[in-house]
Structure formats: structure tokens, C-alpha cells
Amino acid sequence: MSESSFEDFVRQHRQNFEEAGPHSRVWAQLEQQLAPGKKRKVIQLMGRHWLKAAAVLVLMVNSVMIYQFIQMKKAQHLTNVSPEMQEAKMYYTAQIEQRLETIKSYPDALLGLDSMARKELELRNDTYQVLEAELIQNPGNERIKAAMVRYYQLKLDLLDKILEELREKQPVSQKQSDYEREI
Amino acid sequence: MQASANNLNNTTITDHLVSRCKKGDVHAFRDLYNAYSGAMYNICLRMTGNTADAEDTLQEAFMQIFRNIERLENAGSVTAWIKRIVVNHCLSHLRRKKVYFEEVDNIDIEEDKAIVDEDNFAWTVAAIKEAIHVLPPGYRTVLNLYIFEEYSHKEIANMLDISESTVKTQYMRAKDKVRQIIKQKK
């Protein structure tokens, strides 16, 4: 077989120099390597949007912390901390609120109390809030429990005195509250 | 007219395939591999000289192709881009095997035998393949890159970091060596 040159011969028979393609194991191995590539893709995407990812993470952590804080606060409720004080509270609360309702039924002019004094008569004033918070922090402290009972009693005494004065100022026939009708 | 329509159609298919690959579609990677692995494997086989190294090099090269296809700006140049990556991997493989591409002055060979009369020489595909296979790796690389992969002397010089004149001389000597090997076998 005679040809003009090596280059011409190769060009004319180019296809005959080609071998069969690679074994199927090459693609199989590539496919295996491509599978964890999906994870890399996710990491790459996270890398691009790291600020958004960080913001979402902070929000999630905050949500969990707020949820745990609420749960902790619930656990610290007086019912859980001191059941006997919760009972006393319910008793005195009912008594105090009954007297407060009666007092409110009198006209303001006869009552002679300004808004500050009225607020002080309310059950849940600052003194009460402080005592309850103290008891939640120190559940076994008997002095706080005694102070709370004393607080309820003083408040009841005060309200009774006010009611007594009101009755003296205004005859019973003129103003009869639900409380008075009951007794 | 028919040819240009086919070219346009092929370009559209290639664009679509590259676009899918850029989205990380594994099926598209398989399609791209199926389209190019045959030709690229032959480059690896010619350059490395054996099946095991050719398969390893092909695998490495395609992994790089898949990972970097996002950077390919012109889908129309995908064939040249893939081929260049494969050739670079073959050259890296040869360098790892301590194959050095030196300037011609440093190579101890017989001078003035490169220019030969090629007329009436009986070439055969099998004989050429066999002769190239036993060529020294340096000669085989230059000859393959020029005659089979169709890179210019200048491009080969840049790839191998040697002068263009050295590439020309090495190519002529490689060709002469092929002729000598075939003659000896007869």
C-alpha cells in the first residue's frame, strides 16, 4: 500500500485509528462521585446565601429560647410553687373583690377618694406583685407567706373600715348594695 | 442548506445539554459523557499508552468537566473545552510518570535522520498504531497532539512549555522513528 505521506495516510484513515469506548465502570465510578456532589451543591448554595441562612438560624434559636422561657414561667406560677398560698389567695381575693364592688357602687363624691387612692385599694397593687414574685423566687420562705397573709388581712380591714364609714354617711335605705343585701 | 440546518440543530441540542449540566442534572452529565467519552477515551489511550491509565485519566477529567461546566461561557465551544481538559489531564499524568519535555538540544539522538523520503512507503493503520505504542513517551506525546488531536506546533509548544522549533523537530523525529520501527518489523 503506497501513500504520499504519513499525515495524508492518517487523515484518510482517521476513523480506523479509533478504539472502542471506555468500559462501563468509568461511568459507574463517576456516577458514585456525583452522588455526594448533591450535598456539596447544598453547601455551595448555603455558602452563597449565608446571611439569609444565619438570619433563619437566629430566628429559630430565638423561637426555641422564647418557648422555653414561657414554659419556665408557667412552671413558676404560684400554683406550682406554693399550693397552700394559692388557696389563701383565692379566699382573700374573693373577699376583697366583694368589698371593692360594694365600695364602687357608692358615688364618687361620697367616697372622697382620688384615683391614686382607688388604685391602691385594688388587689394587685405593687406591694402584692413584689410579694408574689419574692415567693416564686423563694418558695419555702415562711416570712414571705406570712407577709402575704398579713397583706390580705390589712387590705380586708381597710376595706371594712371604708365601708363602715360609707354606711354612716349614707343611710342603708338610700344605697343598698348586693353585698349588703346578702348580709 | 441541509448541512447548515443540521449544524443549527446540533448547536441547539448542545446548548440545551450544557444548560442542563449547569443546573447539576445528573442525567445531563450522563448524556454529555455518552456524547464525548468515546473520543476522549481514545485521546487518553493514545497519550497514556494503556487501558488502566486511560480510564483513570478519563474519569478524573470528566469529574473536572462536571464540576467546572458552570464556568463554560460559550456552549458552542464545549468540544474544544472538554478536549483541552482531557489533554491537560493526560499531560499531568505523564508528568507524574516523570515524562519530561525537554528542548531538542538536550536530547541525545541521532541527527539528520528525521527528513526522509516518504513517497512509496507502505503505511498501515495497525503498523502505525503498534509503532506509536512503542515510541518514547515524549515523542509519542508530540506526535499524538499534532497528528491525531490536530493542535498546531505553537499550541503544543505552549502546552509542553518548550519552543515551537523543538516541537517541529521532535515531531519529525517521532515520525521517522515510526517509519524505522515499521521497517524493522517487516
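Just so you know, these numbers come straight off a predicted model, no measurement behind them. Labels below follow one simple rule: chain letters A, B, ... track the order of the sequence lines, proteins then strands, and each chain is numbered from 1.
In this structure, no portion of I43(B) lies under 4.5 Å from any heavy atom of chain A. Interface residue V26(A): backbone and side-chain heavy atoms are both found under 4.5 Å from chain B. For chain A, no part of Y36(B) is nearby; none of its heavy atoms comes within less than 4.5 Å. In this structure, the portions of F62(B) lying under 4.5 Å from any heavy atom of chain A include both its backbone and its side chain.
In this view, E19(A) and K129(B) satisfy the salt bridge (charged side-chain N to carboxylate O under 4.0 Å, His left out) rule, not counting sequence neighbours. Applying the side-chain hydrogen bond (donor to acceptor under 3.5 Å, both in side chains) criterion to R46(B), with sequence neighbours excluded, gives E18(A), E149(B).
Taking the six-membered ring where tryptophan is involved, the planes of W27(A) and Y33(B) are tilted, since the angle between them lies from 30° to 60°.
Judged by distance alone, with hydrogens and angles left aside, the side-chain atoms of K22(B) form a donor-acceptor pair with the main-chain N or O of L72(B) at under 3.5 Å.
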